[in-house]
Amino acid sequence: MNAVIASPYPYPLPAKDSGNHVALVIIDMQRDFVEPGGFGAALGNKVEHLQNIVPTVARLLKTFRELRLPVIYTREGHRPDLSDCPPAKRRRGDSTLRIGDPGPMGRILVSGEPGNDIVPELRPEAGELVIDKPGKGAFYATNLQEHLKTLGVTHLIFTGVTTEVCVQTSMREANDRGFECLLVEDGTESYFPGFKQATARMIQSQGGIVGWVTTADRLIASLRRAYAGNAHEPE
Ligand code: C5J
């Protein structure tokens, strides 16, 4: 059996003939959260260090694409009329810039605006699944579960931002739905380093109550060993 070195114990990978049952989930790597001038910055956060994970997520993305494993992106955002944004969410915080207000990258956290785009380094390719979600969790008010069922995905590898908000919420939702969940510690980031560390500890506590935690290098090495046969033929 192939497994990824992980905490609290090795993460078992599905057998080779079911290799496409493992999907990479890239949570909310949007300009609104990662670049100066977006929603994250409007809330008073320092966004710069979120950018440090972009090369790691890009490396994981390249590996999944090479091995022909599914990739799923999420974007947190709302309809232009904000009908899917609860007033309580819009009111929250003491920022002068609120969801739906015009900001330097278009209307804050509104679908279709430049700030809602995924950062250019991780831009989805044609055929890759992009889930627009109004909440923090990727399953709330989306059809993600149906898509995963159609694809036959059983194992979800989580990356993206922010670790303790949308990544952790999505991972807990997935865990409750029976998916085997693995967090890539160097492929996720928080505005608050202590929250990232605490989240990684919580997830793997009590024998992996929410899932497993590993590093990008360990995951990539295991995927290449397990699913080498999936790789594209050299041209
Ligand atoms: C937040 C997210 N932090 N993507 N969203 O509001 O984690």
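If you're wondering where the values come from, they're calculated on a predicted model, not measured in any experiment. Read the numbers this way: they start at 1 and go in the same order the structure lists the ligands and their atoms. Just the heavy atoms: all of them, side chains too, but no hydrogens, waters or symmetry mates, feed the values below.
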Student: Can you name the nearest heavy-atom pair linking Ala41 to Val47, along with the distance?
Tutor: N-CG1, 3.7 Å

Student: Look only at interatomic distance and state if Ile27 has a nitrogen or oxygen under 3.5 Å from any nitrogen or oxygen of ligand 1.
Tutor: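 No: no nitrogen or oxygen of Ile27 is under 3.5 Å from one in ligand 1.
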
Student: With atoms numbered from 1 as shown, which atoms in ligand 1 lie under 4.0 angstrom from a non-hydrogen atom of Cys166?
Tutor: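 Close to Cys166: 2 (C), 4 (N), 5 (N), 7 (O).
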
Student: Anything under 30° is parallel, anything over 60° is perpendicular, the rest tilted; go ahead and classify Phe139 against Phe179.
Tutor: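 Correct class here is tilted.
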
Student: Checking Arg224 now: which residues fulfil salt bridge (Lys or Arg N to Asp or Glu O under 4.0 Å) with it, not counting sequence neighbours?
Tutor: Glu66

Student: Relative to the heavy atoms of Val165, which atoms of ligand 1 are at a distance of less than 4.0 Å?
Tutor: 1 (C), 3 (N), 7 (O)

Student: Which of the numbered atoms in ligand 1 are under 4.0 angstrom from any heavy atom belonging to Asp28?
Tutor: 2 (C), 4 (N)

Student: Under 4.0 Å from a heavy atom of Glu76: which atoms of ligand 1 are those, numbered in the order shown and with their elements?
Tutor: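 Counting atoms of ligand 1 from 1, those under 4.0 Å from Glu76 are 1 (C), 2 (C), 4 (N), 5 (N), 6 (O).
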
Student: Near Val161, which atoms of ligand 1 are under 4.0 Å from a heavy atom of that residue?
Tutor: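 It comes down to these atoms of ligand 1: 2 (C), 4 (N), 7 (O).
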
Student: What I want to know is whether Tyr191 and ligand 1 share at least one N or O pair that is separated by under 3.5 angstrom.
Tutor: no

Student: Are Asp101 and Arg90 close enough for a salt bridge, meaning some N to O gap below 4.0 Å?
Tutor: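 Yes.
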
Student: Could you tell me whether the side chain of Phe192 reaches within less than 4.5 Å of the side chain of Asn45, counting heavy atoms only?
Tutor: yes

Student: Return yes if a side-chain donor-acceptor contact under 3.5 Å exists between Arg79 and Ser83, otherwise no.
Tutor: yes

Student: Tell me: protein heavy atom nearest atom 3 (N) of ligand 1, and distance?
Tutor: Thr162 OG1, 3.4 Å

Student: Assess the side chains of Thr188 and Thr163: does a donor N or O sit below 3.5 Å from an acceptor N or O?
Tutor: yes

Student: Show the atoms of ligand 1 that are less than 4.0 angstrom away from any heavy atom in Phe33.
Tutor: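 By the 4.0 Å cutoff, the relevant atoms are 1 (C), 4 (N), 5 (N), 6 (O).
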
Student: Is the number of heavy atoms from other residues, nucleotides or ligands under 6.0 Å of Arg201 CZ greater than 12?
Tutor: no

Student: With backbone taken as N, CA, C and O and side chain as the heavy atoms from C-beta onward, which portion of Val167 lies under 4.0 Å from ligand 1: side chain, backbone, both, or neither?
Tutor: neither

Student: May I ask you to check if ligand 1 and Lys133 share an N or O to N or O distance below 3.5 Å?
Tutor: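 There is no such contact.
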
Student: Report the nearest protein non-hydrogen atom to atom 6 (O) of ligand 1: residue, atom name, distance rounded to 0.1 Å.
Tutor: Lys136 NZ, 2.9 Å

